Number of protein chains: 2
Amino acid sequence: MAKSLLDQHQLQAVAKLFELLAEPTRLDILQNLKKAPLSVGQIVAATNAKQSNISKQLGILYDAGLLKRERQGNLIFYSIADPMIFDLCALVCGKLRKDAESQLALIRSLGK
Amino acid sequence: MAKSLLDQHQLQAVAKLFELLAEPTRLDILQNLKKAPLSVGQIVAATNAKQSNISKQLGILYDAGLLKRERQGNLIFYSIADPMIFDLCALVCGKLRKDAESQLALIRSLGK
DNA sequence: GCATAATATTGCTTATTAGTAATATTGTCA
DNA sequence: TGACAATATTACTAATAAGCAATATTATGC
C-alpha cells in the first residue's frame, strides 16, 4: 500500500463520528451509560439537561448506532452499543491531562 | 476512585478536541501532514479546498495546539504537534471498517 | 375507557462555523 | 525601493445544530 489517504467520502464518515462526540451533553450521556444501561428519566436526573434535549440527543446517538435501546414497560433503557467510544474518550482525556501537566511544569519552571 | 465522571468543564474540553476532528477538511489536512511537514501551498495542492479556507483551518488547528509551524523564507511549513491524533483516527477508521464488514455479512446472509 | 407517567416530537430562536472572494500582510529578490 | 509570491485576514452568506416550551405519543393500572 502506497499512500492510503482517505477519500472525501471516507473523511466525511470519520468526521461524522467525531461530530457525535463533539458535544458535552452527548458525552455526558455516554459516560453515564458506561457502567450500566439507564432509562431516559435516570439520564435526565444524572445530567443537568432538560428532558426534551436528552431525548433528542439520545435519538441522535441511537440513529448513529452508538446506542442500543430496549423498552421495559413504561421505561426505555439505553445502553452503549460499541464500547470502543470509551477508548476514544480515554485517549483524548489522556492527551488533555498530559498537556495540562506539561503546562503546569512550564509554569513552575518559570516561577523559579 | 469511586465514580470519576467528568464535570461540565472537562466535558467541554473533550468535546472541543473532538470538534477539531469533526471536519473533513481538517482531517484531510492532518492526514496529508502525517508523513511529513508541508507548506501551505503544498496542502492546498493536495486537497481540493481554496487557499483561504486551508489557511483558516490551519489557523484553527494551530491555535488548538494540534499543529506546529515554522517559517522557511517565503514558505510556512506546518507539522503535526501530537501524533496521538492518528491513534484517534485509527480507532475510528477501525470501527467504521468493522461496522461496514458486519453490515456486508448481514446482507450476504440474507441473500442466501 | 380514563387518568397518569415516561418518552418523543415539533416549532422556534440563537449561536456557531465552513466556505468564498477580496484584500492585507509578510518575505524575497532584483 | 518596487514587483512579486506565499500566506493571513476580513466581511459576508448559508447551513447546521443545541436548547427550550409546548404538545404528541405510548404504555400502565384502575
Side-chain angles (χ1 to χ4, degrees), chain A residues 6 8-33 36-79, chain B residues 8-9 11-33 36-79:
Chain A
L6 303 182
Q8 293 280 103
H9 194 260
Q10 292 167 321
L11 288 175
Q12 230 168 347
V14 174
K16 208 87 178 171
L17 218 161
F18 279 127
E19 180 71 43
L20 291 168
L21 304 175
E23 283 296 329
T25 302
R26 286 196 287 269
L27 290 175
D28 205 0
I29 290 174
L30 292 172
Q31 75 171 348
N32 275 288
L33 290 176
L38 294 176
S39 71
V40 178
Q42 289 174 317
I43 297 170
V44 172
T47 62
N48 46 5
K50 306 291 180 192
Q51 180 267 328
S52 61
N53 193 26
I54 290 294
S55 193
K56 184 200 234 174
Q57 303 308 330
L58 285 172
I60 291 172
L61 292 170
Y62 175 79
D63 289 343
L66 291 195
L67 295 185
K68 294 180 290 189
R69 73 179 154 203
E70 183 190 1
R71 172 150 235 150
Q72 279 184 26
N74 226 356
L75 306 179
I76 297 184
F77 284 85
Y78 282 86
S79 58
Chain B
Q8 293 280 102
H9 194 260
L11 288 176
Q12 231 169 347
V14 175
K16 208 88 178 170
L17 218 161
F18 279 127
E19 180 71 43
L20 292 169
L21 303 176
E23 283 297 327
T25 302
R26 286 197 286 270
L27 290 175
D28 205 1
I29 291 173
L30 291 172
Q31 75 172 347
N32 275 287
L33 289 177
L38 294 176
S39 71
V40 178
Q42 289 173 316
I43 297 171
V44 172
T47 63
N48 47 3
K50 306 288 181 193
Q51 180 267 328
S52 61
N53 193 26
I54 290 295
S55 193
K56 184 201 234 175
Q57 304 307 330
L58 284 171
I60 291 172
L61 292 170
Y62 175 78
D63 289 344
L66 292 195
L67 295 185
K68 294 179 290 187
R69 74 177 154 205
E70 184 191 359
R71 173 151 234 147
Q72 280 184 26
N74 226 359
L75 305 179
I76 297 184
F77 284 85
Y78 281 85
S79 57

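In this text the structure is predicted, and so the values were computed from the model without any measurement. Atom set for the values below is all heavy atoms of this structure, side chains included, hydrogens, waters and symmetry mates excluded. In what follows, every chain begins at residue 1, and chains take the letters A, B, ... in the order their sequences are listed.
- Side chain of B:N32 to main chain of B:D28: a donor-acceptor pair is present (N/O by atom type, distance under 3.5 Å, no hydrogens or angles).
- Side-chain N or O atoms of B:T47 include one that pairs as donor or acceptor with a backbone N or O of B:I43 at under 3.5 Å.
- Contact annotation: A:R69 side-chain N/O to C:dA8 OP1/OP2 distance is under 4.0 Å.
- Under the 4.5 Å side-chain criterion, counting only non-hydrogen atoms from C-beta, B:L27 is in contact with B:L21.
- Rounding to whole angstrom units, CD of residue B:E70 and C1' of D:dA6 are separated by 16 Å.
- A:I54 contributes atom CD1, which lies 8.5 Å from atom CG of A:N48 (distance to the nearest 0.5 angstrom).
- With values rounded to the nearest 0.5 angstrom, A:L11 atom CG is found 10.0 Å from B:L30 atom CG.
- When each of D:dA8, C:dA8, D:dG19 is scored by its nearest atom to the side-chain atoms of A:Q57, the top-ranked nucleotide is D:dG19.
- Atom pair B:Y62:OH and D:dT7:P shows a separation of 15 Å (rounding to whole Å applied).
- Side chains of B:E23 and A:F18 form no contact here, defined as non-hydrogen atoms less than 4.5 Å apart.
- The shortest distance between side-chain heavy atoms of A:R69 and A:L58 does not fall below 4.5 Å.
- Rounded to the nearest 0.5 angstrom, A:Y78 OH and A:S55 OG are separated by 6.0 Å.
- The line from OG1 of A:T25 to NZ of A:K56 is 10.5 Å long, rounded to the nearest 0.5 Å.
- Using modelled atom types, one side-chain atom of A:R26 and one backbone atom of A:E19 make a donor-acceptor pair closer than 3.5 Å.
- The stretch residues 23-33 of chain A does not touch DNA chain C, since none of its heavy atoms comes less than 4.0 Å from the strand.
- The separation between B:L58 atom CG and D:dT9 atom C1' is 14 Å, rounded to whole Å.
- For the contact set between residues 43-56 of chain A and DNA chain C, defined by any heavy atom under 4.0 Å, the members are A:Q51, A:S52, A:S55.
- Heavy-atom distances under 4.0 Å link DNA chain C to B:G73, B:N74 of residues 72-79 of chain B, given in residue order.
- Between the side chain of B:Q57 and the backbone N or O of B:I29, no donor-acceptor pair lies under 3.5 Å.
- If you take CD1 of B:I60 and C1' of D:dA8, they are 13 Å apart, rounded to a whole angstrom.
- Taking atom CG of residue A:D63 and atom C1' of nucleotide D:dA17, one finds them 15 Å apart after rounding to whole Å.
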